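Chain A is the first sequence line, chain B the second, and so forth, proteins listed ahead of strands; every chain is numbered from 1. This one's a predicted model, so the numbers in the text were calculated from it and none came from an experiment.
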Amino acid sequence: MLTLLIDGLAYGMLLFVLASGLSVTLGVMNFINLAHGAFAMAGGYFGVVLVNVLGVPFLLALPLAAIGTGLLGLVLERTLYVHVYARSHLDQVLFSIGLVFIAMAVVDYTQGSQQQFLRLPDFLRARIDLGGATIGAYRLLIIAVCGVLAGVLQFVLVRTGFGARLRAAVDDPVVARGLGINVGAIFAVTFAVGSGLAGLGGALGAEILGLDPSFPLKFMVYFLIVVTAGGTAGMIGPLLAAIMLGIADVGGKYYFPTFGGFVIYTLMIVLLVRRPNGLFAR
Amino acid sequence: MKVVALAAPSRWRLVEGLFWLAAALGWQFAPDYSLLINEIAIFGLFALSLDLILGYAGIVSLGHAAFLGLGAYTAGLVGKIGLVEPALGLIAGGAIAGLVGFATSFLVLRGSDLTRLMVTLSVSLVLGEIANRWVGLTGGSDGLQGMVLGPLLGRFEFDMFGRVGAAYSLIVLFALFLLARKLVHAPFGLSLQAIAGNRLRSAAIGLPVGRRLVGVYTIAACYAGVAGALLAQTTQFVSLDVLAFHRSAEVMLILVIGGTGYLYGGLIGAVLFKLLQDALSGLTPQYWQFWLGIIFVALVVVGRDRVFGLPLALMRRLR
């Protein structure tokens, strides 16, 4: 039971790091980016190549994967996304689905369609006895990393000058621009950091989530739930939503294996119909 | 004066006659392409149904395959339990899809584009999961086995070259197209366009916004169900693929290629899409998805009007 709870917590925290970038682009900038999962997948594959092929230590590969994905995000934002910000939602949907398809085909072509496994170092395979429940060290690492990241993100968003400018740019881009805030640059940096976080999550979670070319579609729904359920006021909402989702999903799949898949989709429909503005609406 | 202006688009144009004549001639004189013509007709019908909700009512759906799949499985099951007349499967497919469309239409009435997108997506995912798990009914990932089809209306046996199948799909498409054409030029369709334009003002002038949207969503679901039934019957096979996400995405692309909101968009899109798919998958069969993605992105970044400027300009004359 406790093991299940910890697993769910780790899974949820992972979902939070994966989706946190999306909660800015979608939740805040109101850009429907269905391709967010593609960045997470890119991070995962960066990790696989770095660790399994080039032999980089796992803990070093994580930040490298994040930086790589962040740069990829920055390039795509400057070259493609900028043209689509002001378009209709339909255009945004078409555009980001296109990116997903391209990403899936490219990964399939270069890495093959089979599931990839990131080789974990031995110390992460250890299991720790915690008052009757055994917990994998890997799960604990995920919880620790994601917890720290959540704290840092909340701090940056609420307590720093950059966070203040970002919130201003989002609340009213025109006025923010008038005050001399470089809105385009802020969005670009935010997008890059969000992609980088997704990449980090993809590499960190490759072992739990399973990495294959269908990744962006498989997890699209999860990311969307985290963002819509969490709302856009700060990082606390998405974090709580992600943890609840993680525990519900792990528990659902454990207790009702035949109906595991339904739990999540049904949850989403009910949530969207009852609370279209999120669980923690302002 | 006003009435004449409103009625003008409902008059038949020469181009429209030529379009349908070309379809009939294609069937008559290109028997080798019967399978392709059949597929185009089915995809065209599917895209036409999406046009009703996206082009006319402004609802962005990311899960339209739900109704295609429902129609396909229903038609397959009807054939399996011994009702071999294809028309029965067709009607049943449309009816079941329509029922589910009616039931779920209330979910898409509220919220923003994003919530509608997610709700429609979830509905199709739930149905996909049901089809996957309910192996006793659907055959799960092996696909539906043992579907039997008799001759159409007791007279026309389906042949292996798809001649009868293509004629069947084309006739159903034409009949449903006529109905849709009547519908969108009737006050029903005009009020839908008003709602898509400005929901608040439409409600303020007394249009029953909710009822109209429920109506059009149900009709579109019916159409998609019929397309699914045609797909199942003419290929004599149903698999989980009919409910897959890429179906919903493709039909969006088909419609957008052809242009939304004038009924022919889906049909023209289906022709272009199928020809494109034929050519590109001939080039690299496995990575059709890559090209699909490129088309999506190019279409948006370059701008729809510029990529398909010429066909659109031609089609404007048709409106």
Check [X] against [Y] and note the closest heavy-atom contact, atom names and distance.
| X | Y | value |
| --- | --- | --- |
| A:F101 | B:G293 | CB-CA, 3.9 Å |
| B:M252 | A:V93 | CE-CG1, 4.0 Å |
| A:T228 | B:M118 | OG1-CE, 3.2 Å |
| B:F290 | A:I102 | CE1-CG2, 3.7 Å |
| A:R87 | B:V300 | NH1-O, 2.8 Å |
| A:I97 | B:F245 | CD1-CZ, 4.0 Å |

Between B:H246 and A:L217, is any pair of side-chain heavy atoms under 4.5 Å apart?
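SC-SC contact between B:H246 and A:L217 ruled out.
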Within the 4.5 Å heavy-atom criterion, are B:L117 and A:L224 side-chain neighbours or not?
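Counting from C-beta outward, B:L117 and A:L224 never come under 4.5 Å.
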Examine whether an atom of [X] lies under 4.5 Å from a heavy atom of chain A, and if so say whether it belongs to the side chain, the backbone or both; otherwise answer neither.
| X | answer |
| --- | --- |
| B:V126 | both |
| B:L121 | side chain |
| B:V123 | both |

To the nearest 0.5 angstrom, please state how far the CD1 atom of A:I32 sits from the CG atom of B:L114.
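Here the rounded value is 5.0 Å.
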Taking atom CG of A:L90 and atom CD1 of B:I59, what is their separation to the nearest 0.5 Å?
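Between A:L90 CG and B:I59 CD1, I get 13.0 Å after rounding to 0.5 Å.
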Against chain B, label A:L99 side chain, backbone, both or neither, depending on which of its atoms sit under 4.5 Å from a heavy atom there.
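Contact with chain B: backbone and side chain both.
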Quick check on B:F102: does its CZ atom have over 12 non-hydrogen neighbours (other residues, nucleotides or ligands) under 6.0 Å away?
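Atom CZ in B:F102 is not packed in, count stays at 12 or less.
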Tell me whether the count of non-hydrogen atoms from other residues, nucleotides or ligands lying under 6.0 Å of CZ in A:R78 goes above 12.
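Atom CZ in A:R78 is packed in, count exceeds 12.
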Decide side-chain contact (heavy atoms from CB on, under 4.5 Å) for A:L34 and B:L62; before the verdict, give the C-alpha distance in whole Å, the side-chain angles of both, and the deciding distance to 0.1 Å.
CA-CA 11 Å; A:L34 300 179; B:L62 208 51; 3.7 Å; yes
May I ask you to name which of B:I130, B:L253, B:L125 has the most heavy-atom pairs under 4.5 Å with chain A?
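Going by pairs under 4.5 Å, I would pick B:L125.
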